There are 2 protein chains.
Amino acid sequence: MSNSSLKSIAKKLSLSESTVSRALNDYKDISQSTKKLVNETVVELGYQPNIFARRLASGNPECLGFVIPWRDGQLNDPFLGELMTGMSTALTKIGWDLTVLVAKSFENEVELFKKLSMSKNLSGLIISRTLRNDERFKILTDLKIPFVAHGRSINCSNSSWLDVDNERAFFDMTKHFVSLGHRKIAHICGPNVYNFSIQRIEGWKKALLESGIQINSEFLQVADLSFDGGKIAMDKLLKLKDLPTAVSCVSDTVAMGAMQSMRNHNLSPGKEISLMGYDGLELGAWIDPPLSTMTQPIQTVGKNLAEMLVNLVDGKKKPSDLQKLVRANILRRGTDNSPMTIS
Amino acid sequence: MSNSSLKSIAKKLSLSESTVSRALNDYKDISQSTKKLVNETVVELGYQPNIFARRLASGNPECLGFVIPWRDGQLNDPFLGELMTGMSTALTKIGWDLTVLVAKSFENEVELFKKLSMSKNLSGLIISRTLRNDERFKILTDLKIPFVAHGRSINCSNSSWLDVDNERAFFDMTKHFVSLGHRKIAHICGPNVYNFSIQRIEGWKKALLESGIQINSEFLQVADLSFDGGKIAMDKLLKLKDLPTAVSCVSDTVAMGAMQSMRNHNLSPGKEISLMGYDGLELGAWIDPPLSTMTQPIQTVGKNLAEMLVNLVDGKKKPSDLQKLVRANILRRGTDNSPMTIS
DNA sequence: TTTGACTCCGAAAGCGTTTTCGTCAAAGAT
DNA sequence: ATCTTTGACGAAAACGCTTTCGGAGTCAAA
C-alpha cells in the first residue's frame, strides 16, 4: 500500500530523507553510488512519491490543464480523444497530470483563467479552437499563465502555439486538383472569425495564382462549419453559369454537406465535380463515394502540445521560441478525380 | 495573486488558522457568526485554498480519473468530449478535478490500476467500454479502488455502474419497426465479448416474441463494431432467399456499413429495406438518406457518473447501491419507413 | 457553590515532500 | 604543514492546510 515513503527508504539505507529526496531528483551533490542504491530501493519497495506533498513543497503543480472547446452547447470533436491521448502519454512519462476544464462560454472561460491564476493549481494551459482575433492570448499572457495554443491567431507572435500549416495544406490540395487537370477550382471556406479560414483561402489562392489560373471570386463561398453550411454553399456554387469542376472544402463536415447538395442536383460527387474535405475524419471513408481529405497526425500533435507546454513551464524556453507548424497530408479516397471534360 | 492563505484570513479576523479552516469546512463547533465572517473575508480577499496542501493534509485527492478507452490503436469516440464535459461540470461544482488516463492495452490498464492503488493520487476511477466478462471489476474491487463503470458486465452486481438500458432500447427499436408494419426484422449485433451486444440481441428477440413474430436465426448476424463489419454483415443478409424488410443495427457505424452494402446491391436504404442504428451520432444526419438512430443524453450520463463516484468515495453509499439505468430514445431521420409491400 | 454539559475556539502535531544551509572529511593548493 | 576547495551528506525549516485535543467561558441543574 502507500506504506512506502521517503522515510522508509531513508531508514532502510541509513540515510536522511533529504539525501534520498535529492538522490531521486538527481541533485549533483549526491554521489552516483548512493543514487544507484536509492533507485534500487525505490523499485524494491515500490515507492510512489506523494504527489501532493511534492507539489506543495516544490510549488510546481506538475499538472497541465486542457480547456475543452465547448461552445454554444455543441461539442462533438472526434479528435478530442486522440488529442488527449497524445497529451496524456507525453505527460505520464514525466509524472505530470492532465486535467480537463470546460468553458461553457467565453466569459466563463475568462473567469476560469482568473481563478486559475490565483489558485495556482495548474502549471499551464492548453487552449484550442483559436479565433482569428483571439483575446485569450492577451488575457492569459497578462495573467502570466503559461499556455500553448492549438492554432494560431492574429496576435500570437509572442505566444507559444502549434498549428497545422493551413495555407500549405490548401495550397497542396489545390495544386493536386490542378495536377489532375482541373482549372475551375472553387473553395468553400469557413467564417472569417477563425484564423484557419483565412489561411486556407490564402493557400487556395496562392496555388491558383502559381498555376496561372485567375481567381474567380464567385468560386469562393463562405460557409458555416457544418453539414448545412456546406450544403448551402454548394447550392450557391451550383447556381453559377460556369460550374467549377473541383471544390476544395474547408472541412470534411462541410464537404459532406456539399456532397448532399450535389446529390440533390443529381450530380455524383467525384464525377462531374471533384471535391475534397479536410480533417481526415474516418467517417468520410464510410460514405458513398468515400470522401478524399487531408489528414494530420493528431496524436503527435497532442504529444507536442504537452511537451511544448512543459518546456514553457520549466522556463527553459520563451513562448515565442515554442512555435511549431505541422503538415497535413492528402488522403485520396474517391472524390478527387480528373475532370470529365478537360476545359 | 496567491498571497491569500488561511493565515491572512486568520490574521485579518484575529482568529486562529484552525478556526478559519474549520469554519470553511463547516464544522459544527464553529459559531454561525464566525462562519459568516470567514466566508465574507474569503470573497473579499479572493481566497483560493491551496488544493495540494489540503489534499496532503486531508488525505483525500479530490480527484477523479477517467480512463480513456483506448484499444488497439483505435480511438474516435465522438462522445468523449461530451461525456467529459458532463463529468467536469459536476466535479468543478465541488472543487474536484478530473484527470484523464490512457490505457494502451489491457495489461497496461491493469498496471495503471496497481500504480494508482499504491500512489493514492486519485480518489476514484471511471472506466468505460465494459466487456461482457470484464476482469476490471474484480481487479479494481480487489485493489480497493473506488470506481464506477460506464456499462455493465456479467459480474458487476457488487459494483457501481451506469448503463443504458440496452435491452429496452432495442426492444423499442424493434417494436417501432413492427408498428411501421415490418414483420421480417433482422438484427446485426456486435461481438459477444461486449455486454451490450448480448443485451441488444435480447431486446430484439423479446420484441419479436411479444409481437408474435418467430425468430429467424438467419436474421441475426454478428459484426465487428466497424463500418466494414456492418457491410459484411449486410452482405450476408442480402444473400438470403427471404430478405428482411428492416434491419436493427448495433451501432451507427455498423449501420453505415450496412447502408454501403445495400447501395452496392442497388438497394436504397430506407426504401426496400429500412434500418436503424444506435448511438445518435450527428454524422448520421449528414449522409443520404439520413440515418435513423437512438440517442442518449451523454452529458447527463457524464454528470451522473461523476456524482455517483463522489458518493462512493465519500463512503455515503455502497457500490451496489449506486447502479443506474438510463433510457435511449428513438430519433427518426429517414431510414425507418414502412415496408414497400406489407407481407 | 459545585458539577456537568455545552459552545466555541486555540495550540499543536501532523501530512510527505523540497530546498537551503551547514558540517565534516578528504583532496588539492600553497 | 597549513589553508582552501570540493564532494557528500544531515538538520531543519518550509509548503498551507487538516484534525485532534484540550481549555476557557457560559449557563443550567444539583
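As a basis for the values below, the full set of heavy atoms in this structure was taken, side chains included, without hydrogen atoms, waters or symmetry mates. Each chain gets a letter, A, B and so on, in the order the sequences are listed, and its residues count up from 1. A quick note: this is a predicted structure, and the numbers were derived from the prediction, not measured.
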If only side-chain N and O atoms count, and only distance matters, is there a donor-acceptor pair under 3.5 Å linking A/R152 with A/N195?
no
In whole angstroms, how far is the C1' atom of C/dT17 from the CG atom of B/N121?
13 Å
Just distance, no hydrogens or angles: give the donor-acceptor pairs under 3.5 Å from side chains in residues 35-43 of chain B, sequence neighbours left out.
from	atom 1	to	atom 2	distance (Å)
B/K35	NZ	B/D26	OD1	2.9
B/K35	NZ	B/Y27	O	2.8
B/K36	NZ	B/E40	OE2	3.4
B/N39	ND2	B/K35	O	3.0
B/T41	OG1	B/L37	O	2.6

Is any side-chain N of the basic residue among B/K104 and B/E109 closer than 4.0 Å to the acidic one's carboxylate O?
no
A/S58 and A/N60: side chain donor to acceptor below 3.5 Å:
no
Nearest whole Å is fine: how far is D/dG10 P from A/L13 CG?
10 Å
Can you tell me how far C1' of D/dC21 sits from OH of B/Y27, to the nearest Å?
13 Å
Just the rounded figure in Å: distance from P of D/dA8 to CG of A/L37.
14 Å
Is the closest basic N to carboxylate O distance between B/E62 and B/R54 below 4.0 Å?
yes
Students should find that the end-to-end axis angle of the helix from C/dT1-D/dA30 to C/dT30-D/dA1, with five pairs defining each axis and rounding to 10 degrees, is 50°
Using side chain to side chain donor-acceptor pair (under 3.5 Å), reason through B/S31 and B/T34 one step at a time and then give a plain yes or no.
CA-CA 6 Å; B/S31 72; B/T34 53; 3.0 Å; yes
Can you tell me if B/S153 uses its side chain to pair, donor with acceptor, with the backbone of B/D134 under 3.5 Å?
yes
In whole angstrom, give the distance that lies between atom CD1 of B/I51 and atom C1' of D/dC15.
14 Å
Does C/dT17 have OP1 or OP2 under 4.0 Å away from a side-chain N or O of A/Y47?
yes
Pairs under 3.5 angstrom, nitrogen or oxygen only, protein versus nucleotides 4-13 of chain C, please.
from	atom 1	to	atom 2	distance (Å)
C/dC9	OP2	B/S31	N	3.1
C/dC9	OP2	B/S31	OG	3.2
C/dC9	OP2	B/T34	OG1	3.0
C/dC9	N4	B/D29	OD2	2.8
C/dG10	OP2	B/S16	N	2.9
C/dG10	OP2	B/S16	OG	3.0
C/dG10	OP2	B/T19	OG1	2.3
C/dG10	N7	B/S18	OG	3.4
C/dG10	N7	B/R22	NH2	2.9
C/dG10	O6	B/R22	NH1	2.7
C/dG10	O6	B/R22	NH2	3.1
C/dA11	N6	B/S18	OG	3.2

For B/K324, enumerate each residue passing the side chain to side chain donor-acceptor pair (under 3.5 Å) test, keeping only those at least two apart in sequence or located in another chain.
none
B/N50 atom CG is separated from C/dC15 atom P, nearest whole Å, by 18 Å
Please report the interatomic distance CD(A/Q48) to NZ(B/K115), rounded to the nearest 0.5 Å.
6.0 Å
Does any pair with a residue in residues 87-97 of chain A pass salt bridge (Lys or Arg N to Asp or Glu O under 4.0 Å), and if so which ones, sequence neighbours excluded?
A/R55-A/D97
Below 4.0 Å: OP1/OP2 of C/dG16 and any side-chain N or O of A/R54
no
Kindly state which residues belonging to residues 55-63 of chain B come within less than 4.0 angstrom of DNA chain C, counting heavy atoms of the residue only, listed by number.
B/L56, B/A57
In this structure, how many angstroms lie between the C1' atom of C/dC15 and the CG atom of A/L6, rounded?
13 Å
Assess, by modelled atom type and distance only, whether the side chains of A/S16 and A/T19 contain a donor and an acceptor separated by less than 3.5 Å.
yes
From CG of A/L24 over to P of C/dT17, roughly how many Å is that when rounded to an integer?
9 Å
